[in-house]
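Take a look at the structure below.
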2 protein chains.
Amino acid sequence: MLAKSSTELVRQQNSALVLAALRRRGRLAHTEISDATGLASATISAITADLERARIIEKSEQQATAGRGRPRVLFSQRRTCGYLVVISISSDSIQYSLVDYAGTLLDRFAEPRGEGGTDAFVASISAALERVVARSSIDHDSVLLVSVSSKGLVHPGKPVLVWSPVFGLQPVDFTEVLGRGWPARVILNNETLLVAGALLEREAKKEGGGERALAALSLGHSIGLGIARRNAAGVAEISAPNFGHMLHIPNGGLCRCGARGCIEAYAGFYAILRMAFEVPMDTIPAKFVPIAEIDKIAAQARQGNRMAQFAFRQAGVALGNGLSRLLSLHGHMPVFITGPGTRHQDLLQAGIEEGLSQTQVVRLEGMPALSVVPDEPSLVFEGHLNLAFSIIDQDIILSRPHIRAAGE
Amino acid sequence: MLAKSSTELVRQQNSALVLAALRRRGRLAHTEISDATGLASATISAITADLERARIIEKSEQQATAGRGRPRVLFSQRRTCGYLVVISISSDSIQYSLVDYAGTLLDRFAEPRGEGGTDAFVASISAALERVVARSSIDHDSVLLVSVSSKGLVHPGKPVLVWSPVFGLQPVDFTEVLGRGWPARVILNNETLLVAGALLEREAKKEGGGERALAALSLGHSIGLGIARRNAAGVAEISAPNFGHMLHIPNGGLCRCGARGCIEAYAGFYAILRMAFEVPMDTIPAKFVPIAEIDKIAAQARQGNRMAQFAFRQAGVALGNGLSRLLSLHGHMPVFITGPGTRHQDLLQAGIEEGLSQTQVVRLEGMPALSVVPDEPSLVFEGHLNLAFSIIDQDIILSRPHIRAAGE
DNA sequence: ATCTGATTTCTCGACTGTCGAGAAAAAAGC
DNA sequence: GCTTTTTTCTCGACAGTCGAGAAATCAGAT
């Protein structure tokens with residue numbers, strides 16, 4: 001059921017529009033905001049006055065006046081309005097970034113991922129978080145949001161990692177990362193979901209609007225997938241289905257997750273290693289494979305080693321079959337491949353195409369566009385910012401108490 | 001990018017809310033509408049006065065007054081405001097239904113599906129449509145929408161059948177169904193999509209809101225799947241992925257669609273027949289299998305015939321594997337099974353569960369709820385009404401010119 | 001027959017919001 | 001110093017929602 005609408009909601013939505021325009025295009029003048037949002041000039045005056053009074057945006061220092069006419073007044077986010085902490089968890093380390101409200105990176109450091117169980121893990125993140133704010137002497141209260149990303153399966157709604165490559169079925173609850181005295185919220189998202197979101201936003205910036213739906217496939221020790229699409233209302237919807245552990249072959253090779261025949265058990269780094277060395281497919285997979293090992297196998301494959309070639313081929317077919325199923329169930333869309341595995345795209349490509357080509361969806365609508373976007377960490381960070389600031393802006397607008405004009 | 005908002009849009013959305021409440025619950029009094037929508041009584045007065053002046057709703061004839069106090073004035077849709085024509089295409093016949101704006105069925109007849117190509121097919125529908133309005137002597141102009149359903153793959157946006165069991169890759173364009181002099185629009189939807197939509201609406205009527213996402217699986221000569229979910233804004237999103245022709249087994253049995261290894265090539269009626277009679281899997285499948293044939297095989301299976309049992313078992317495994325992939329890619333959700341194939345659910349069940357159980361998603365989140373809903377035609381019709389009237393109401397509200405109070 | 005209480009509908013004024021037009025501001029050019 | 005140009009700001013008109021209370025109308029008590 002739809003929610004009722006009211007004039008106050010109109011103001012909220014239009015304020016959100018103004019903040020989104022500022023987010024997307026940086027400093028803007030009154031008239032530019034009007035153009036970007038389609039709102040009347042008078043409305044922009046009202047909204048910007050409101051937001052300025054609430055100390056959310058501010059007039060920039062005058063820039064060199066270009067041309068004649070009354071000089072423009074540029075609005076931008078007030079940097080000190082609040083802060084965002086980004087936590088990117090990868091297999092071996094955890095990266096912490098501090099970002100101000102205008103989206104500029106203020107501080108960044110990484111820590112190795114310690115040993116120990118989930119409790120110790122959460123505690124170490126909690127401690128690092130204290131260090132982030134201490135280093136920049138930022139008040140706890142001005143941290144608006146903590147955005148965490150990891151590989152694995154995320155609970156819909158709660159910031160809980162339901163399944164992860166490292167902790168398996170042992171759930172990791174990030175609500176406890178923030179102790180007392182932190183008014184901020186924590187959000188947790190799958191890494192490849194953020195990649196898909198970042199790619200969709202990049203598409204939106206292209207002229208003509210770019211693709212309206214896309215999939216991001218991350219190749220590495222594990223296999224990640226994110227789907228991003230713009231719905232009829234123009235809102236981005238992003239999700240991270242459990243692609244890596246979707247069934248590839250019934251009763252197939254043993255996967256890290258304990259099930260059999262997952263895509264990852266054919267296309268993950270450990271799977272390529274297992275196949276190249278002709279280890280039986282029901283061997284318990286290696287916990288971690290250094291990327292150098294995979295590079296070595298790839299080099300052998302390129303020199304003509306049949307088993308190494310076969311391993312990459314099989315990985316490609318698993319991915320291709322999986323992608324064909326993705327297209328069958330989610331509609332035709334371009335696929336962007338990222339992650340460390342893209343180094344060996346030349347060895348995977350033929351298998352992927354073979355795996356795709358047999359199926360009806362590809363016969364009907366053709367091979368999907370496959371592009372390689374190597375720099376995954378940038379995409380992840382970009383996705384963090386997109387998602388986090390859209391939530392922060394929304395929260396600010398919703399929470400802002402009604403502020404009357406000064407004279408009242 | 002979000003669209004700008006304005007006070008006029010607020011009225012539109014709230015008008016839509018009033019019409020939706022009337023749609024869902026039938027005749028309502030002023031106060032009941034207020035309760036259902038959450039809008040203030042004064043607002044209801046304004047909106048109903050507007051809609052009444054536009055001759056979209058009307059005050060019902062007084063019903064027996066119950067209790068003391070000022071008698072209620074019940075509002076309902078004005079029946080003669082416009083009409084909907086529903087066309088349900090099935091493998092052997094086409095059913096035409098005429099429905100008034102209040103949702104009551106006025107006329108219904110079926111015609112056998114003729115021979116001939118797509119042009120003849122479209123022409124015969126066009127002729128039947130003329131007959132629908134002639135029989136009830138309805139003006140062409142008062143037909144607001146024609147809603148068509150069929151099995152097969154529908155073009156997103158245009159009313160074009162991209163792939164169908166009967167015409168294969170030859171596209172069927174339903175825009176031509178309405179000739180000149182028909183202001184109405186034509187929409188085309190996959191049959192099982194409508195089923196999923198109807199089931200979601202039934203869930204919404206349960207107290208507590210029922211399921212927020214579900215899948216409908218239709219078993220018959222071909223395999224259909226619809227997914228319906230309520231998004232964060234509470235709007236239903238329904239889709240019909242190409243489940244029947246999703247890859248089940250690479251290089252597997254030959255399917256009607258020309259590809260190999262589709263789910264349908266293992267679980268469709270013709271596939272069950274082919275397996276039960278041990279016909280080679282690359283035999284070109286029968287165009288049409290009478291349901292009696294399948295019933296016969298089912299009877300044999302129930303009497304202990306191994307090959308017949310095996311055929312149903314394999315069909316079940318194909319469905320189960322496919323459903324596991326569905327859950328992997330769309331999240332965990334209950335599955336409602338419908339269609340003529342549900343008669344033999346007892347023979348399929350074990351295979352479905354086997355096909356589901358091997359995978360990570362089921363190990364993590366458990367077996368999805370599987371329920372059988374035998375009466376598919378009712379669900380299809382219900383889905384037609386839900387979808388068609390939501391479009392009609394939307395159109396009416398958007399197209400309605402601004403109507404001033406009488407005195408101006 | 002009339003009064004009273006209950007219940008629903010209707011109406012009025014206050015408030016919030018958007019928009020267009022034009023006034024005001026401020027710099028560049030002559 | 002005046003004009004031109006461009007941008008910002010302000011004002012009044014208009015659309016919409018809401019709460020409060022008036023008006024309508026019936027059932028039952030007196």
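Chain A is the first sequence line, chain B the second, and so forth, proteins listed ahead of strands; every chain is numbered from 1. What you see below is based on every heavy atom in this structure, not just the backbone, and it leaves out hydrogens, waters and symmetry mates.
Between the CD1 atom of Ile47(B) and the C1' atom of dT17(D) there is a distance of 9 Å, given to the nearest Å. In this structure, the CD atom of Glu32(A) is 9 Å from the P atom of dT7(D), given to the nearest Å. The distance between atom CG of Asp35(B) and atom P of dT8(C), rounded to the nearest whole Å, is 9 Å. Rounding to whole angstrom units, CD of residue Gln12(A) and P of dT18(C) are separated by 11 Å. One atom, CZ of Arg11(A), and another, P of dC15(C), lie 17 Å apart when rounded to the nearest Å. Summarising the geometry, the separation between CG on Asp50(A) and P on dT10(D) is reported as 14 Å, rounded to the nearest angstrom. Rounded to a whole Å, the CD atom of Glu52(B) is 13 Å from the C1' atom of dC10(C). Here the P atom of nucleotide dT8(C) and the CZ atom of Phe75(B) are 14 Å apart, to the nearest Å.
Closest to the side chain of Ala42(B), from the set dC19(C), dT9(C), dA20(D), is dA20(D). Out of dG20(C), dT8(D), dC10(C), the shortest distance to the side chain of Ala40(A) is found at dG20(C). Here the side chain of Lys59(A) is nearest to one of dC9(D), dT8(C), dT17(D), namely dC9(D). Among dA23(D), dT10(D), dA15(D), the nucleotide with an atom closest to any side-chain atom of Arg70(B) is dA23(D). Among dA27(C), dG17(C), dT8(D), the nucleotide with an atom closest to any side-chain atom of Pro71(A) is dA27(C). Which of dA15(D), dT17(D), dC9(D) sits closest to the side chain of His30(A) comes down to dC9(D). The Glu8(A) side chain lies nearest to dG17(C) when the options are dG19(D), dG17(C), dC10(C).
The stretch residues 30-47 of chain A participates, sequence neighbours left out, in these salt bridge (Lys or Arg N to Asp or Glu O under 4.0 Å) pairs: Glu32(A)-Arg72(A).
Side-chain contact check for Ser60(A) and Arg27(A): at least one donor-acceptor pair (N or O, by modelled atom type) lies under 3.5 Å.
Applying the side-chain contact (heavy atoms from CB on, under 4.5 Å) test to Glu201(B) and every residue at least two apart in sequence or in another chain returns Arg24(B), Lys205(B), Arg230(B), Asn386(B). Not counting sequence neighbours, His30(B) has no partner by the ring pair (Phe, Tyr, Trp, His ring centres under 6.0 Å) test. Taking His140(A) as the reference, Trp182(A) meet the ring pair (Phe, Tyr, Trp, His ring centres under 6.0 Å) condition, with sequence neighbours excluded. Annotation: side-chain contact (heavy atoms from CB on, under 4.5 Å) contacts of Glu211(A) (sequence neighbours excluded): Glu203(A), Pro334(A). Thr43(B) meets the side-chain contact (heavy atoms from CB on, under 4.5 Å) test with Leu39(B), Ala40(B), Ile47(B); sequence neighbours excluded. By the side-chain contact (heavy atoms from CB on, under 4.5 Å) test, Ser390(A) pairs with no residue at all, sequence neighbours left out.
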Show each protein N/O and nucleotides 28-30 of chain D N/O combination with a separation under 3.5 Å, one pair to a line.
residue, atom, partner, partner atom, Å
dG28(D), O4', Arg68(B), NH2, 3.2

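Over its full length, the helix from dA1(C)-dT30(D) to dC30(C)-dG1(D) turns its helical axis through 30°, comparing axes from the five pairs at each end and rounding to 10°.
The cationic group of Arg23(A) lies under 6.0 Å from the six-membered ring centre of Phe389(A) and within 45° of the ring axis, placing it in a cation-pi geometry.
Note on Thr31(B): a side-chain N or O is less than 4.0 Å away from OP1 or OP2 of dT9(C).
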